[in-house]
Amino acid sequence: MELLYVWGQARPEAKIIIFCLLIFSVLAWFVMITKAIEMRRAKRLNLFFGLEFKSQKDVLGIYERKLPVEGCPLFMVYKAGSTELAARLKDAPDGSGKRYVSLKGIEHVKRTMENTVAQESLKLESGLILLAIAVSGAPFLGLLGTVWGVMSTFGGIAQQGSATMAAMAPGVAAALITTVAGLLVAIPSMFAYNWLVHQLRVLTVELDNFAQELISRMETEYMEGD
């Protein structure tokens with residue numbers, strides 16, 4: 001009942017700001033939920049793919065089997081590196097049954113995987129900017145509504161010449177509701193943003209480590225001179 005009363009006392013500009021914050025809140029919660037599901041799914045698929053990759057005797061074993069593991073960041077790095085390596089192995093001599101690539105070819109494979117790691121990291125990071133904006137911008141937007149409301153309240157009191165508490169309280173309370181709305185948007189966004197950034201760092205380190213392990217195995221099995 002108190003909130004309904006305060007809402008009824010709010011000025012049009014405060015209601016507009018609260019409406020904007022409501023839209024911002026819906027978008028922020030949408031990003032929180034979708035990114036949490038995306039990163040949880042990526043971690044689960046990475047775990048399964050990592051176990052399958054370690055069980056392969058040949059580094060190109062999974063690639064040659066054409067296994068569909070779409071949506072797995074580790075698989076995307078593996079697929080990019082394996083495709084580049086396989087393309088360079090097509091023209092390599094195969095007199096003894098085993099093919100090799102030069103050091104220059106391995107460097108090209110390595111750069112391809114590094115680019116894919118960066119692309120997958122950016123893909124996982126997409127959308128987090130909205131939460132960062134919510135954390136930093138929502139409180140200021142709420143504060144703008146509060147300052148505007150208080151300014152209008154005191155201006156109206158000055159015109160009426162009545163400075164009683166009964167005259168001031170409704171306007172001030174209605175002005176403060178925009179700050180509350182801004183904090184209700186910013187606080188959940190802050191916790192979600194910090195958690196998602198931590199998960200992103202874990203996944204990025206996992207991608208980097210996998211790329212190093214993959215290129216090491218490729219060098220061992222396919223680099224010329226080994």
Side-chain angles (χ1 to χ4, degrees), residues 27-90 92 99-135 188-224 226:
L27 294 175
W29 276 101
F30 176 77
V31 171
M32 293 180 214
I33 295 172
T34 54
K35 297 306 293 185
I37 293 174
E38 180 184 354
M39 291 191 183
R40 183 178 178 183
R41 181 172 181 267
K43 289 181 67 176
R44 185 174 67 252
L45 291 176
N46 282 352
L47 176 62
F48 293 151
F49 179 79
L51 294 175
E52 181 67 20
F53 174 75
K54 291 181 184 299
S55 67
Q56 301 297 312
K57 295 182 179 179
D58 186 352
V59 71
L60 294 179
I62 298 177
Y63 176 78
E64 293 171 350
R65 288 157 55 191
K66 306 296 182 182
L67 292 178
V69 200
E70 299 300 329
C72 175
L74 289 188
F75 175 74
M76 300 307 295
V77 176
Y78 172 83
K79 182 180 179 181
S82 298
T83 301
E84 182 69 19
L85 178 62
R88 295 187 175 277
L89 287 173
K90 285 182 179 179
R99 298 166 297 178
Y100 298 95
V101 294
S102 64
L103 177 61
K104 183 178 180 180
I106 289 292
E107 288 297 323
H108 280 287
V109 175
K110 184 177 180 180
R111 281 195 292 271
T112 299
M113 287 193 295
E114 289 175 347
N115 290 336
T116 306
V117 168
Q119 291 172 6
E120 290 299 312
S121 297
L122 289 176
K123 188 185 301 182
L124 291 170
E125 187 180 353
S126 64
L128 294 185
I129 183 62
L130 183 61
L131 294 183
I133 293 174
V135 171
S189 299
M190 177 189 65
F191 287 110
Y193 177 78
N194 290 332
W195 183 82
L196 289 172
V197 167
H198 172 71
Q199 297 299 317
L200 175 63
R201 289 174 180 171
V202 171
L203 288 169
T204 301
V205 170
E206 188 177 3
L207 287 173
D208 288 332
N209 291 340
F210 175 76
Q212 294 297 325
E213 180 184 358
L214 180 58
I215 197 64
S216 178
R217 286 190 59 175
M218 287 179 174
E219 290 175 354
T220 302
E221 297 181 24
Y222 290 101
M223 192 169 77
E224 193 174 35
D226 286 356

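Values reported hereafter were calculated over all heavy atoms of this structure, with side chains retained and with hydrogens, waters and symmetry mates removed.
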Enquirer: Any side-chain heavy atom of Leu85 within less than 4.5 Å of one from Tyr63?
Expert: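 Counting from C-beta outward, Leu85 and Tyr63 never come under 4.5 Å.
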
Enquirer: Should the pair Glu221-Arg217 be classified as a salt bridge under the 4.0 Å nitrogen-to-oxygen rule?
Expert: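 Result for this pair is yes, salt bridge flagged.
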
Enquirer: If I compare all heavy atoms of Thr112 with all of Ala80, which pair ends up nearest, and what's the gap?
Expert: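 Shortest heavy-atom separation between Thr112 and Ala80 comes out as CG2-O, 3.8 Å.
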
Enquirer: With rounding to the nearest 0.5 angstrom, report the CZ to CG distance, Phe210 to Asn46.
Expert: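 With rounding to 0.5 Å, CZ (Phe210) is 9.0 Å from CG (Asn46).
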
Enquirer: Say whether, by atom type as modelled, one donor and one acceptor occur between the side chain of Thr220 and the main chain of Ser216 under 3.5 angstrom.
Expert: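 It does hold such a pair.
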
Enquirer: Using the side chain to side chain contact (heavy atoms under 4.5 Å, CB included) rule, take Met218 and Ser82 through it: C-alpha gap first, then chi angles, then the decisive distance, then the call.
Expert: CA-CA 9 Å; Met218 287 179 174; Ser82 298; 4.0 Å; yes

Enquirer: For residues Leu203 and Pro73, determine if any side-chain heavy atom of one lies less than 4.5 Å from a side-chain heavy atom of the other.
Expert: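 A side-chain contact under 4.5 Å is absent here.
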
Enquirer: Compare every heavy atom of Leu207 with every heavy atom of Ser121, then report the nearest pair and how far apart it is.
Expert: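 That would be OG-CD1, 4.1 Å.
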
Enquirer: Please round to the nearest 0.5 Å and tell me the distance separating atom CG of Leu74 and atom CG of Asn209.
Expert: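 Rounded to the nearest 0.5 Å, the CG-CG separation comes out at 10.0 Å.
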
Enquirer: Does the ring center of Tyr78 lie less than 6.0 Å from the ring center of Phe49?
Expert: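 Yes.
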
Enquirer: Of all heavy-atom pairs between Met113 and Val77, which one has the smallest distance, and what is that distance?
Expert: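 In terms of heavy atoms, the two residues are closest at CG-O, 3.8 Å.
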
Enquirer: Which heavy atom of Leu131 sits nearest a heavy atom of Ala28, and at what distance?
Expert: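 Answer, listing the atom of Leu131 first, then Ala28: CD2-O, 3.6 Å.
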
Enquirer: Could you tell me the separation between the NZ atom of Lys110 and the CG atom of Leu103, rounded to the nearest 0.5 Å?
Expert: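 Taking NZ in Lys110 and CG in Leu103, the distance rounds to 10.0 Å.
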
Enquirer: How long is the span from the OG1 atom in Thr116 to the NZ atom in Lys123, to the nearest 0.5 Å?
Expert: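 It comes to 9.5 Å.
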
Enquirer: Would you check if Leu196 and Leu200 make a side-chain contact, meaning some heavy-atom pair closer than 4.5 Å?
Expert: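 They are not in contact (no side-chain heavy atoms under 4.5 Å apart), so the answer is no.
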
Enquirer: Less than 4.5 Å apart, side chain to side chain, heavy atoms only: is that true for Phe53 and Ile62?
Expert: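 Answer yes - side chains close enough.
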
Enquirer: Between CD of Glu219 and CD1 of Ile215, what distance do you get to the nearest 0.5 Å?
Expert: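 Going from the CD atom of Glu219 to the CD1 atom of Ile215 covers 5.5 Å.
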
Enquirer: Taking the basic N atoms (NZ, or NE/NH1/NH2) and the acidic carboxylate oxygens, is any pair closer than 4.0 Å for Glu213 and Lys54?
Expert: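 Here Glu213 pairs with Lys54 in a salt bridge, since their nearest N and O are under 4.0 Å apart.
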
Enquirer: Looking at Lys35 and Glu38, is any side-chain nitrogen of the basic one under 4.0 Å from a carboxylate oxygen of the acidic one?
Expert: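 Judged by the 4.0 Å cut-off on N to carboxylate O distance, Glu38 and Lys35 do form a salt bridge.
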
Enquirer: Walk me through whether Met190 and Tyr193 qualify under side chain to side chain contact (heavy atoms under 4.5 Å, CB included).
Expert: CA-CA 5 Å; Met190 177 189 65; Tyr193 177 78; 5.8 Å; no

Enquirer: For Glu125, which residues count as a side-chain hydrogen bond (donor to acceptor under 3.5 Å, both in side chains) partner, sequence neighbours excluded?
Expert: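 Applying side-chain hydrogen bond (donor to acceptor under 3.5 Å, both in side chains) to Glu125 gives none.
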
Enquirer: Less than 4.0 Å between a side-chain N and a carboxylate O, is that true for Glu107 and Lys104?
Expert: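 Between Glu107 and Lys104 there is no salt bridge, as every charged N stays at least 4.0 Å from the carboxylate O atoms.
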
Enquirer: Is it the case that atom CZ in Arg111 sees more than 12 heavy atoms from other parts of the structure closer than 6.0 Å?
Expert: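 More than 12 heavy atoms, drawn from other residues, nucleotides or ligands, come within 6.0 Å of this atom.
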
Enquirer: Between Val135 and Ser189, what is the shortest heavy-atom contact and its length?
Expert: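 Val135 and Ser189 have their closest heavy atoms at CG2-C, 3.5 Å.
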
Enquirer: Hey, what do you get for CG (Leu27) to CG (Leu130), rounding to the nearest 0.5 Å?
Expert: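 Separation between the atoms: 6.0 Å.
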
Enquirer: For a salt bridge (Lys or Arg N to Asp or Glu O under 4.0 Å) check, start with the C-alpha distance between Glu52 and Arg65, then their side-chain angles and the critical distance, and finish with the verdict.
Expert: CA-CA 12 Å; Glu52 181 67 20; Arg65 288 157 55 191; 3.1 Å; yes

Enquirer: Assess the residue pair Lys43 and Leu47 against the criterion (side chain to side chain contact (heavy atoms under 4.5 Å, CB included)); give the C-alpha distance rounded to whole Å, side-chain angles, the decisive distance to 0.1 Å, and a yes or no.
Expert: CA-CA 6 Å; Lys43 289 181 67 176; Leu47 176 62; over 6 Å; no

